[in-house]
Amino acid sequence: MNASIPAAVATAAVTYKCDDFVLYRDPERFWAGAPTHTFVCRVDGTIPFTSGEIRYTLARLNGGGLIKLARAQYMRLLPPADAMRDIDTAPLNTGTVADDMTPAAVAWLRQHLGQDSSTLPARH
């Protein structure tokens, strides 16, 4: 009986920039079976090596701390479009607009509308 082994998914080489948001998987923790091995991070710095390889310093968003010498193979970009989708597609012409958006979307709208109150501007 022949067992089928799935082919590895190849990923293109990616270069990240400072302030990009990424998902980082710590390979040592992952392969050791540790439960906390994946983190949302912001790229804090780049470290070029003479070999041409680039490694990264990452700032963990939840729990703080830095991850030094992170390899791009264990990072995935978190696209801004995904983070902003609820704002970009919000049904602003309904009476339940605040109920239809995440709290982050409502906070962004308040900030950009210059509102300090806890209610959105009245509809006209």
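Quick caveat, the model's predicted, so the values are computed rather than measured.
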Checklist entry - Which atom names give the shortest non-hydrogen contact between G45 and C18, and what distance separates them? => result CA-SG, 3.8 Å
Next on the checklist: More than 12 heavy atoms of other residues, nucleotides or ligands under 6.0 Å from CG of N62: yes or no?
Outcome noted: no
Next on the checklist: Donor-acceptor check, side chain of R29 to backbone of T36, threshold 3.5 angstrom: yes or no?
Outcome noted: yes
Checklist entry - Does the Y56 side chain pair with the main chain of Y16, one donor and one acceptor, at a distance under 3.5 Å? => result yes
Checklist entry - How about F39 and L58: do any of their side-chain heavy atoms sit closer than 4.5 Å? => result no
Next on the checklist: When you compare the side chain of V43 with that of M75, does any pair of heavy atoms fall below 4.5 Å?
Outcome noted: yes
Checklist entry - At what distance, to the nearest 0.5 angstrom, does NZ of K68 lie from CZ of R55? => result 14.0 Å
Next on the checklist: Would you compute the distance between atom NZ of K17 and atom OG1 of T46 and round it to the nearest 0.5 angstrom?
Outcome noted: 12.0 Å
Next on the checklist: Please determine whether side-chain contact (heavy atoms from CB on, under 4.5 Å) holds for the pair L77 and V14, giving the CA-CA distance in whole Å, both sets of side-chain angles, and the decisive distance to 0.1 Å.
Outcome noted: CA-CA 9 Å; L77 182 66; V14 177; 5.7 Å; no
Next on the checklist: Hydrophobic cluster membership, with links at side-chain heavy-atom distances under 4.5 Å among I/L/V/M/F/W/Y: are Y74 and I54 in one?
Outcome noted: yes
Checklist entry - Would I67 and V22 show up in the same hydrophobic cluster when neighbours are defined by side-chain heavy atoms closer than 4.5 Å? => result yes
Checklist entry - Any side-chain heavy atom of V40 sitting closer than 4.5 Å to one from L78? => result yes
Item to check | Apart from L69 itself, residues in the same hydrophobic cluster as defined by side-chain heavy atoms under 4.5 Å | outcome: I47, F49
